[in-house]
Structures are given as structure tokens and as C-alpha cells.
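See structure below.
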Amino acid sequence: MLTLLVSVVGGVWLGQDRIIGLFVQALNRHLQVPVQASRLEVSVLDQFPRLSVTLHNVVVAGSEPADTVKLARARRLYCAFDAWDLLAGRYRIRAVTLADAQVRVRRNAQGRGNYHVLRPDTAASAATSPFSMELEGIELQRVRVLYEDAGRHQHFSLHTPQLRATLGISDTQLDIAAQGVAQVEALRLGNDEYFQNKELTVSTTLVIDRPGQQLTIQPSQIHIGPAAYAVAGTIDYQRAAVLDVRCEATGADVQSVLALLPPRLTRRLAGYRSQGAVYFGGTVRGELSGTRNPTVAVQFGCKEASFYHPRYQQAIDHVSLTGAFTNGSAQAARTTELTLTTVRGQLSGRPFSGNVRIRNFADPRLQLQAQAELDVARAVRFFPLATVRQARGNATVRLQLNGRLQELRQRPTAAQASGELTLRDVYLQLRDFRQPFTHLTGRLQLQGPDVAVPTLSGKLGNSDFRGRGTLRNVTSWLLRPGQPLRLEAVVTSRLLDFNQLLYAYQPTPTVKNQNSAARGDGLRVPASIALNLQTTAAQLRFRRLRGRNLRGTLQLQDRVFTSAGLTLLAAGGQVSVRGRVDVRQPQLVKASTVVGCQQVPLDSLFYVFEDFGQQFITQRHLRGRLTATAEVDSYFDQHLTPLTDRLEAEVHATVRQGELLNFEPMQKLSFLASRATLRHLRFAELQNRLYVQSRTVYVPEMDIRSNVKAASLIRVTGTHTFDQQMDYHVRIPLLPGLLPQVRAGAEGPMLRLAIQGNERDFTIRYERAVREPAAPAVARPATGTRPSDLGNTSGAAAAPATVAKPSFEIKKPVKKPAQPQTGEYFDF
């Protein structure tokens with residue numbers, strides 16, 4: 001045996017030049033493209049027990065002359081033959097091994113490939129040649145194969161760590177049988193990648209009809225994970241590719257099927273797992289070219305399957321369905337159809353069922369019938385929604401859709417969209433709401449683009465509601481961002497807590513508005529929401545305000561609230577409001593309102609409004625009933641804090657049964673009456689118009705009749721700033737009622753007093769009247785008056801009747817237009 005081996009090695013060494021020469025001659029006869037190698041050698045050991053011709057650093061050019069990309073590059077190529085053939089003088093290549101190689105198969109935009117490397121007459125001369133191929137095995141070791149089709153926008157990439165094949169070559173056909181493992185890196189069709197990083201176990205037999213240019217796939221198996229895919233059929237590539245291929249899957253589950261599809265189709269479903277029988281099969285028949293597509297028909301379904309998501313730990317059980325997909329008679333999107341029939345299953349023991357059909361993918365038409373009993377918490381856990389943070393309760397859903405998807409997204413008719421949602425004690429915490437909706441119970445009926453609400457009750461935070469109404473344009477609002485939604489409703493409530501309601505909606509800031517959101521939450525209202533509400537509420541709360549019997553209408557359009565009239569019993573009287581509130585800029589809220597009140601106790605009014613931000617006259621100093629009308633233009637920041645420098649108001653007020661209790665400035669007028677009398681002053685009816693502008697309250701002159709005999713008539717005028725700077729002027733007739741009737745128009749002798757300073761540090765002093773040529777159009781507070789004593793005031797009685805009114809008399813100020821600050825907007 002050793003002698004034989006030595007003889008073979010010696011013969012190989014002596015005859016290797018002849019073997020290499022014959023090998024090169026055979027390659028040139030079989031191939032029509034150049035092959036380069038750094039060296040060729042004959043070896044006994046490389047493919048023992050067979051002898052081999054080994055090519056090192058092989059480069060094979062493509063068949064397209066203009067293509068500079070090489071068809072193949074390999075570190076080693078082994079061509080092996082038997083020693084017995086060598087002894088008999090026959091050189092028959094029995095096996096080929098390609099190691100550490102990369103093969104790039106390409107088709108250009110015109111459909112010409114770079115892989116036409118064999119001469120067409122190779123088999124004809126094989127019988128007379130001393131060197132021929134009778135391949136019994138082909139082995140690919142660490143070979144990476146790339147396929148690129150520029151015209152069809154296709155790209156395939158796979159790696160074969162170990163793949164074995166046999167090749168039979170005759171005059172008319174090639175027989176290929178292959179087994180092994182292939183690692184698919186990517187299979188790209190257009191912009192989508194299929195089979196990403198999947199390991200395939202292949203067992204296939206292929207027959208290539210060389211004259212007829214047809215590939216026949218004998219029944220073959222491809223294993224991907226637990227699933228086995230049976231493939232068979234023919235591919236005619238004489239001109240354009242004509243396919244007749246059948247495929248059927250066994251042992252598949254949802255995750256194995258989803259793993260084959262591109263991420264954009266499976267991203268939302270990638271975490272789900274399944275158990276049970278999932279099956280599909282289909283055919284591909286017809287021409288595949290740049291102008292035509294083959295007919296694709298797929299049938300799929302499942303029986304008694306379950307779908308589970310490990311993160312949410314929720315499953316759908318007992319799922320059965322039958323489905324079909326086809327691209328139709330025209331093999332185009334307009335004839336494509338997807339059908340799901342007899343869909344049924346259970347979610348947490350609650351049944352659901354339905355049917356779905358989608359036709360014409362170019363202009364989709366949807367037919368859907370679905371009904372389900374839902375445990376809301378489990379349903380949201382199984383298929384989470386970004387806008388819902390938490391939910392629980394029970395619901396019943398019934399839905400029917402039938403029409404073009406474009407029509408359903410815009411404005412469907414009642415025949416195209418109908419359904420009903422019944423809620424039973426549902427809890428709902430939404431992402432953009434601070435307070436949860438609780439105890440939601442009622443019915444919502446889909447009627448075309450609108451949702452009718454025959455009855456709905458629940459709570460938002462502390463506030464409860466019960467009502468009926470209609471939501472307009474719901475389908476467009478849900479399916480098309482930015483579309484308007486209008487609510488027309490009649491709502492009743494036992495309690496409305498505006499301490500929560502005004503800040504209930506706080507949308508999550510995006511990257512664009514994070515800086516603005518950092519400045520404050522603000523009163524945020526969705527721009528797409530419109531309201532028309534008729535509302536009644538038994539109770540209302542806001543800060544110190546406790547109201548009863550709220551009634552009226554409220555509208556919202558383009559983030560502007562308007563009301564023709566709201567009435568409320570509050571602070572011991574009745575209050576009415578009409579006007580508008582503009583919240584288009586949450587950082588600057590503008591309110592233009594007309595407010596009226598009837599018989600409101602002054603002490604209650606001052607308590608509710610927290611003494612209007614001052615401590616000079618508080619709710620403990622006042623008694624009486626106020627009837628007033630106020631026209632107010634006011635502004636608020638993001639925390640609903642009033643911007644007092646922009647407040648403008650005109651108030652027509654009447655006070656009846658007025659009393660002033662323990663008012664410190666009155667204690668300093670003890671020369672008029674006893675301190676006991678001054679501690680409890682009673683007034684007759686008071687009427688006046690007050691004006692507010694530039695953080696100042698202007699009090700035009702008014703007559704006050706009190707229970708002090710020495711000063712039964714007091715005339716007061718002045719200003720009071722929001723910084724608590726006072727400038728009041730008081731005139732007290734010294735001889736009230738004693739002037740002759742003929743001089744009734746004369747004022748007579750007066751005691752003139754000035755009250756100036758702030759609420760904690762003020763002075764009361766005497767002052768004289770000042771002569772002026774004429775009263776100014778807008779009077780202003782006196783600034784140059786000198787103090788005097790009671791003895792000097794008698795001179796004022798001799799002044800002629802034509803003396804101008806004192807400079808401290810206050811009239812209505814000229815209304816100044818408020819100026820917006822940088823970055824803010826408002827108008828009157």
C-alpha cells in the first residue's frame with residue numbers, strides 16, 4: 001500500500017506539468033471568460049484521498065465586457081479527480097471545492113447578466129477530450145454570494161458556511177442536488193428587506209434544461225427555525241422569467257412568519273408569540289419582468305391558536321380564521337385583495353368575531369364587520385395605545401365599515417360607517433389629561449362621520465357630568481391629524497371643580513414646544529376642538545368661590561370661548577356673565593366680559609375675591625348689598641394670574657343698606673362724631689361709576705349719606721392704585737340743609753379733607769379749594785395743595801358760584817390701548 005502511495009505521488013510529481021496543462025486547456029474550452037490565479041499546483045493532500053489541482057487567489061471576470069466588477073474572487077479552488085482515473089490516463093474532475101470566496105452575480109438595468117461564463121458547445125467535445133468534468137460533489141466553504149438586479153431593484157446576500165452539492169452535466173441539462181446551511185443576510189425587494197439574518201437549512205434538487213432555458217425545482221424543503229417550507233415548480237428564463245412555483249408551510253407560528261417580513265410591516269407586532277396551528281400556502285404563476293408581475297395567490301389561517309405578548313402578559317385564546325390574498329387578474333395593486341373570514345376568538349374569556357375584506361390596494365375599499373365583549377384593561381394591555389396610560393372596566397363594541405378608505409377617512413355616510421360602543425363603569429387615564437375619567441357609563445353610536453351620544457355619565461377628577469349630544473366629524477378627526485371635532489351637547493352636573501378643570505388638559509410637550517412648555521402649563525385647549533354646550537350645575541368651585549345653580553350656554557371655536565349668558569348663585573346673590581375668553585396663546589389669556597350681580601353681600605363678595613388683593617378695605621369692614629354691572633377687559637398669564645397692568649374696566653355699582661365697620665381712617669374723624677358712631681357707619685343707597693385702568697381705580701365724585709348728623713352728606717372722589725397708594729378727597733358741608741332755597745345751587749361752606757398714603761401708612765389732612773380757569777377734559781389728582789386748619793376753611797364759603805370744580809374731582813379716564821409685550825399678542 002505504501003509502495004502504491006509512493007508511486008502515485010511520484011507519478012503526480014513527474015506528470016504535474018502535463019496535468020496542469022490539460023486543466024488550463026479544459027478551462028479555456030469550457031469557459032468564455034478569463035480566469036486568473038496566482039499559481040496552480042497538483043496536490044495529493046488537499047483533497048485526500050483524491051488528487052486535486054489547486055488554484056490560489058482565483059479571479060473570474062464577468063461576461064459583460066463593460067462591467068469592471070469581477071464575478072468571483074476566491075482564495076482557493078480545488079478541482080479533484082480519482083487516482084484510478086489518473087493511472088488509466090483519464091482526467092475526470094469528480095469534485096470541486098470553493099473556499100473563502102465571494103461571488104457577485106449582477107444584472108444591469110437592461111437585463112443583461114454577468115454570469116454567462118460557459119461556452120454553449122462544451123458538452124459536445126467532452127467525449128473526445130482527455131480532460132472532462134464528471135462532478136459528484138461541489139462544496140462551498142465560507143462563500144458569500146451577492147445578487148444584484150438594477151432593473152428590478154433587487155438585492156440578495158447570503159453566506160454559506162458549509163454547503164454540499166452534486167452536479168450532473170449532460171448535453172441538454174444540469175442536475176443539481178444541494179444540502180447544507182445558508183445564512184441569508186438580506187433579501188431586498190425595493191426598499192423592503194426580507195429574511196433578515198436568517199439561517200436556512202436547504203435540501204433541494206434542481207434540473208436546468210440548457211437548450212430550453214428552464215429551471216425545474218423538484219419538491220424541496222427549506223427549514224427556517226421550527227417551520228418547514230415545501231417548494232416546487234418551474235422557472236422559464238428563456239426571455240423574461242416565467243414562474244410556476246408552489247409553496248406550502250408546515251409547523252409555522254406567527255413569529256416565524258413575521259420574521260420573514262420587513263421591519264416596517266412587523267414592528268408593532270414583533271413582540272407577540274403564538275401557539276397552535278398556523279398554516280399558509282400559495283402559488284406564483286406568470287411572467288416576472290419590468291412590465292409584468294406574476295399572479296400571486298396565498299391561502300392562510302389558524303385553528304385554535306393563541307397569541308401572547310410576554311411584556312404585557314396577556315393572551316388571545318381559541319383564535320380561528322381563514323384568510324386569502326391575491327393580486328388579481330391584472331396582477332396589480334388595483335386588483336389586489338385580502339380577505340379574513342370567520343375570525344373568532346376570546347380575550348380574557350370574552351368573545352370576539354368578525355370579517356375583513358380589503359380590495360383595490362391602489363384605492364383601498366374596506367369591508368369590516370366586528371363585534372366584541374371587552375375587558376378594557378386586558379384589551380389595552382394586549383394592544384397598547386400611546387394616548388392611554390391606564391384603563392379598566394367593561395365595554396361592548398359593534399362596528400361595520402363598507403366603503404373606500406379615502407371616503408371613510410373624510411366624510412362617510414351612515415350606510416358606510418355604523419356601530420355602537422357601550423361603556424360600563426370604565427376608568428380611563430389619558431396621556432394628555434392630569435385627571436382621570438372615572439365611572440364612564442353610557443352608549444356611543446357611530447352614524448357616518450358623527451357619533452351620537454344618547455346617554456353618557458361619569459367623572460373627570462372631582463367633577464361629574466351626565467349628558468347627551470353629538471360628536472361631529474369624528475372619523476376624520478381620528479384618522480386625519482388636524483381635522484376639527486365639534487361637540488354639541490346638553491350637560492348637567494352635581495359639581496364642577498374648576499380648580500382641576502382649567503388645568504385638566506396638559507398635552508405632552510414635543511421637541512418643538514418644550515421651551516414654551518417650560519414657561520408654564522397654561523390653559524391649553526386643542527385647536528381642533530369646538531363646543532356648543534348647554535350646561536347646568538348644582539355646585540361650582542373655584543378657589544374661594546362656591547356657586548350654585550349654574551345655568552347657561554358655552555361655545556368654543558378656534559380656542560375662543562364665548563357665552564351669551566351664564567347665571568350663578570354665588571356669594572349670597574346672583575351673578576351673570578357674558579362675553580369671550582381667548583386662549584389661543586396659553587401664556588396670555590384675554591377675557592372680554594360683561595359681569596352683572598344682583599343683591600350680593602359686600603362682605604361675601606370681598607371674601608370670595610380675596611379682598612381684591614389689598615388689605616385697606618377688607619370683607620370685615622363692609623356690609624350691604626351690591627347690584628352692579630361691569631364691562632371688563634382682562635388678561636391672565638399661564639397660571640391664570642391677572643395681569644393687572646392691562647386690566648381695564650367700567651363698573652356701574654349700587655350699594656344698598658351699606659355699613660362700614662371699624663374702618664381705621666374713620667376713627668381719625670372723631671371731631672365729627674363719637675368713636676362708637678364712627679365704628680359703625682350706616683349709609684343710604686350709593687350709586688357711582690368706577691373706572692379701572694393702568695393699575696388704578698378711579699372714583700368719580702359721589703354723595704354718601706350717613707348716620708353721622710354732623711356729616712350727614714359726604715362727597716368723595718379719588719384714586720386707589722393696585723400698589724395700595726391712595727389719594728382720596730372728601731368734602732363735608734358744614735351747614736347741610738340750612739342754605740336758602742334760592743341758593744340751593746351753591747355748595748356753601750365745606751370741610752375739605754385729603755386721605756393720602758398707603759394702607760399701612762396714610763395721613764388725613766385739611767386742604768383748600770384751588771381756582772382754575774376751566775375744568776380739564778380729564779381731571780387728575782391734586783399735587784400742590786397745602787394743608788390748612790378748620791379756622792381757615794370759613795374763607796371758602798365766600799367764594800363765588802363760578803369757581804371751577806376742584807382739581808381733585810375725578811372723571812372717566814381716556815381709554816388707552818394696551819400694548820403687547822415682546823412675543824405676545826392680543827387685541828380689543
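Because only heavy atoms are used, hydrogens play no part in the values below, and waters and symmetry mates are left out as well, while side chains stay in. What you see is a predicted model; the values in this text were computed from it and never measured.
Side chain of Asp637 to backbone of Gln587: no donor-acceptor contact under 3.5 angstrom is found. Panel note: side chain Thr475, backbone Arg409; no donor-acceptor pair is recorded below 3.5 Å. No side-chain donor-acceptor contact under 3.5 Å links Asp582 to the backbone of Val560. A donor-acceptor pair under 3.5 Å links the side-chain atoms of Ser493 to the main chain of Asp464, judged by distance alone. The backbone N or O of Phe433 lies less than 3.5 Å from a partner atom in the side chain of Gln429, making a donor-acceptor pair. Under a 3.5 Å cut-off, the side chain of Arg656 and the backbone N or O of Arg625 do not form any donor-acceptor pair.
By the neighbour-count criterion of 12 heavy atoms within 6.0 Å, atom CZ of Arg468 is sparsely surrounded, having that number or fewer from other residues, nucleotides or ligands. Residue Gln657 qualifies as open at atom CD: its count of foreign heavy atoms under 6.0 Å is 12 or below.
Leu496 and Leu550 get closest at one heavy-atom pair: CD1-CD2, 4.0 Å. Minimum heavy-atom separation, Trp477 to Gln483: CD1-O, 3.0 Å.
Rounded to the nearest 0.5 Å, atoms CG (Leu556) and CD1 (Ile529) are 8.0 Å apart. Between atom CD of residue Gln534 and atom CD of residue Glu488 there is a gap of 10.5 Å, rounded to the nearest 0.5 Å.
Proximity of Glu407 to Gln416: side-chain heavy atoms (C-beta onward) are separated by under 4.5 Å at one or more points. Within the 4.5 Å cutoff, side-chain heavy atoms of Leu487 are placed close to those of Leu533.
Between Arg695 and Asp723 there is a salt bridge, since a side-chain N of the basic residue sits under 4.0 Å from a carboxylate O of the acidic one.
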